[in-house]
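Counting starts at 1 for both ligands and their atoms, in listed order. Nothing here was measured: the structure is a model prediction, and the numbers come from that model.
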Amino acid sequence: MSQAEIGLIGLGVMGANLALNIAEKGNRIAVFNRTVETTRKFHADAGELKSRIVPCETIEEFVAAIRPPRPIIIMIKAGESVDQQMEALKPHLASGDIMIDAGNANFRDTMRRFDSLKDTGLTFIGMGVSGGEEGARHGPSIMVGGTEESYARVEEVLTSIAAKYDGEPCVAWLGENGAGHFVKTIHNGIEYADMQMIAEIYGILRDGLRMTAEEIGEVFGTWNRGRLNSYLIEITEKVLKATDPLTGKPMVDMILDKAGQKGTGKWSAIEAQTMGVPATGIEAAVAARSISSMKEERETAEKILGLPSVGEFQVADKAAFITDLENALLAAKIGAYAQGFAVMSAASKEFGWSLPMPTIARIWRAGCIIRSQFLDEITSAFTKAPDAANLIVTPAFAALVKETDGALRRIVSAAVLGGLPVPALASALGYFDSYRRGRGTANVIQAQRDFFGAHGFDRVDGADSHHGPWGSGLNG
Ligand code: NDP
């Protein structure tokens with residue numbers, strides 16, 4: 001029997017689906033899982049794909065089943081388990097073999113793992129995979145970081161399994177070492193912001209306009225046929241319209257308002273902060289998840305403080321207000337994506353990756369959780385203006401911001417006056433208003449810093465004196 005083209009370790013939710021996808025596209029694949037029973041069951045349930053799958057119960061058998069140089073996808077729990085799995089594999093591998101971590105790794109771990117294999121003849125790929133279970137099975141978006149030579153060995157298989165947008169595969173080599181996992185992290189950070197903004201809009205419709213889940217679902221359904229067309233808006237309509245089989249009530253009304261998080265949103269915010277790039281939408285979304293998890297504290301605070309006493313939420317023209325909500329969400333989304341791309345641009349310089357922005361937008365158009373028509377417009381904007389300092393100053397997006405930021409301002413104002421929390425929507429407005437203002441207010445901060453710490457400042461007229469006339473105020 002011919003050898004497998006590729007190997008995969010870890011038959012959990014993602015690994016099993018990815019393996020079936022690989023086999024379905026005509027590739028022969030060897031699989032291994034720590035718990036042997038899982039491998040047996042996976043193979044037994046693989047139906048007509050069984051003949052292309054080589055189930056292996058030992059690492060020796062697994063490695064021997066793959067054609068050298070062996071590409072081996074490791075799709076297991078992120079963190080130390082990946083290091084342990086790599087150590088277990090190493091003694092069985094030969095020069096040229098490639099270990100591919102496809103889990104949600106922190107890109108700094110990926111860089112460390114990549115470096116640890118230098119001088120061993122083995123290579124490492126850090127591969128971000130997005131699209132959840134469905135994407136893994138039928139076509140994910142794949143972000144690859146590693147050497148270009150190792151990518152060449154797996155390009156054909158990855159191209160065959162990736163999602164397609166207008167026939168173009170959503171997979172690309174993005175740069176050396178941690179580039180793929182970094183881009184996947186920022187993808188997730190943007191996803192956090194996008195989801196939070198949708199949740200805030202839902203909150204205005206539920207608590208402001210007092211609409212039912214079903215009615216709000218209708219609104220999202222309409223939006224999904226317009227400029228907000230995207231996977232997240234599509235599934236929001238579906239979840240809002242779903243009924244709880246136990247009570248017959250709307251499913252969302254029966255779900256506890258505590259959101260989980262696994263770390264990629266937080267990592268995005270940390271990296272943005274480390275590089276000094278504002279990513280306020282992502283930060284607001286991470287903080288909102290943290291506040292959501294403080295359910296008991298929030299309930300106690302509501303008893304002590306009460307809800308803001310702002311009276312009835314007043315809307316004169318409901319239809320116009322809902323159109324404003326649609327445009328506000330679009331504007332806020334532009335802010336979050338602009339920030340995400342700005343973080344990647346800074347990281348590209350910091351880590352010497354040359355991240356290709358139009359390509360990143362292109363491979364996010366299908367397969368991944370943030371897939372949308374909007375990403376096609378970002379692809380086009382960055383293709384026309386690859387050196388733009390920020391997405392919002394490209395001609396197409398500058399026009400979109402000018403068209404929609406009025407709606408965002410009206411919606412944020414209405415929410416604030418109505419006592420409804422909109423931290424992510426407000427962060428986008430604050431970002432636009434700060435970024436577009438040539439003369440800001442940091443002159444006062446510089447003066448304060450100079451006053452108490454003699455930090456000095458630059459002058460607008462370029463004159464020589466770099467300290468203020470604060471008298472004896474320089475007191476440490
Ligand atoms: P699951 O929990 O479904 O599966 C975990 C897998 O990891 C199992 O095969 C398990 O083996 C294996 N495993 C756990 N610990 C070890 C270890 N110490 N050594 C060897 N194998 C181990 O996870 P998922 O499939 O959901 O996730 C896998 C990776 O993909 C994670 O990094 C996750 O963050 C990432 N990811 C997940 C997405 C999702 O939507 N679920 C989306 C994109 C990425 P065993 O059967 O023996 O327990």
Side-chain angles (χ1 to χ4, degrees), residues 7-22 29-46 53 55-59 62-63 72-90 92 99-110 113 124-145 158 161-163 170-171 178 180-192 194-195 231-232 235 259-268 363-364 366-371:
L8 182 141
I9 296 179
L11 293 168
V13 175
M14 290 298 284
N17 282 292
L18 208 59
L20 292 174
N21 185 359
I22 292 172
I29 177 168
V31 296
F32 173 85
N33 193 70
R34 178 180 62 174
T35 308
V36 169
E37 195 43 49
T38 305
T39 312
R40 291 185 191 144
K41 184 163 182 340
F42 170 77
H43 192 243
D45 294 345
I53 297 171
C56 304
E57 299 196 358
T58 64
I59 285 283
F62 171 72
V63 170
I72 297 175
I73 297 176
I74 302 172
M75 192 48 140
I76 65 174
K77 192 170 152 229
E80 266 178 38
S81 14
V82 173
D83 293 305
Q84 289 159 5
Q85 189 59 69
M86 287 173 67
E87 285 310 310
L89 263 175
K90 264 193 215 165
H92 305 281
M99 287 190 267
I100 306 168
D101 178 14
N104 272 339
N106 185 314
F107 83 103
R108 293 189 183 273
D109 283 335
T110 301
R113 289 172 184 140
F124 188 75
I125 284 180
M127 183 168 96
V129 177
S130 178
E133 190 176 349
E134 263 305 290
R137 179 66 184 88
H138 299 292
S141 169
I142 306 175
M143 296 144 257
V144 184
L158 296 184
I161 63 164
C170 292
V171 55
H181 274 142
F182 186 85
V183 171
K184 172 69 201 305
T185 299
I186 300 304
H187 164 282
N188 286 23
I190 293 173
E191 177 187 310
Y192 269 57
D194 213 337
M195 291 168 73
Y231 174 70
L232 282 172
I235 65 166
Q261 49 182 322
K262 285 194 178 158
T264 44
K266 182 179 77 180
W267 296 342
S268 301
I363 65 171
W364 285 353
C368 64
I369 303 297
I370 62 170
R371 63 183 178 263

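For atom 16 (C) of ligand 1, the nearest non-hydrogen atom of the protein is R34 NH1, 3.4 Å. Residue, atom and distance of the protein heavy atom nearest to atom 4 (O) of ligand 1 are G12 CA, 3.4 Å. Given atom 3 (O) of ligand 1, the protein heavy atom at minimum distance is V13 N, 2.9 Å. From the protein, the heavy atom lying nearest to atom 35 (C) of ligand 1 is N104 N, 3.7 Å. Among protein heavy atoms, atom 31 (C) of ligand 1 sits closest to I76 O, 3.5 Å.
Polar contact check, N33 against ligand 1: a nitrogen or oxygen pair lies under 3.5 Å apart. Residue-to-ligand polar distances keep G103 apart from ligand 1: every N/O pair is separated by 3.5 Å or more. The N/O atoms of M14, backbone and side chain alike, include one that comes under 3.5 Å of an N/O atom in ligand 1. Considering backbone and side-chain N/O atoms, T35 comes within less than 3.5 Å of an N/O atom of ligand 1.
Within 4.0 Å of atom 18 (N) of ligand 1, at least one protein heavy atom is present.
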Problem set entry | Verdict with supporting geometry, I59 and L89, side chain to side chain contact (heavy atoms under 4.5 Å, CB included) | CA-CA 7 Å; I59 285 283; L89 263 175; 4.2 Å; yes
Exercise. Can V129 and M75 be said to form a side chain to side chain contact (heavy atoms under 4.5 Å, CB included), step by step?
Worked result: CA-CA 10 Å; V129 177; M75 192 48 140; 4.2 Å; yes
Problem set entry | side chain to side chain contact (heavy atoms under 4.5 Å, CB included) between H187 and C368, worked out | CA-CA 9 Å; H187 164 282; C368 64; 3.3 Å; yes
Problem set entry | salt bridge (Lys or Arg N to Asp or Glu O under 4.0 Å) evaluation trace for E37 with R40 | CA-CA 5 Å; E37 195 43 49; R40 291 185 191 144; 3.4 Å; yes
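Heavy-atom contacts of Q84 reach the following atoms of ligand 1: 18 (N) (cutoff under 4.0 Å). Residue-ligand proximity, G132 to ligand 1, at heavy-atom distances under 4.0 Å covers atoms 40 (O). Close approach of ligand 1 to V129 (heavy-atom distance below 4.0 Å) involves ligand atoms 43 (C), 44 (C). Using a 4.0 Å cut-off to heavy atoms of G10, the atoms of ligand 1 that qualify are 9 (O). Those atoms of ligand 1 with a heavy atom of L11 less than 4.0 angstrom away are 9 (O).
Between S141 and A366, the shortest heavy-atom contact is CB-O, 3.6 Å.
More than 12 heavy atoms of other residues, nucleotides or ligands shown are found within 6.0 angstrom of NZ on K90.
At a threshold of 4.5 Å between non-hydrogen side-chain atoms, the residues I53 and L20 count as touching. Taking 4.5 Å as the limit, some side-chain heavy atom of M143 sits within range of a side-chain heavy atom of S130.
The closest heavy-atom contact to atom 7 (O) of ligand 1, among the options M75, K184, Q85, K77, comes from K77.
F62 and F32 have tilted rings, their planes meeting at an angle from 30° to 60° on a 0 to 90° scale.
In summary, of the residues considered (I76, V31, T35, N17), a side chain to side chain contact (heavy atoms under 4.5 Å, CB included) with L11 occurs for V31 alone.
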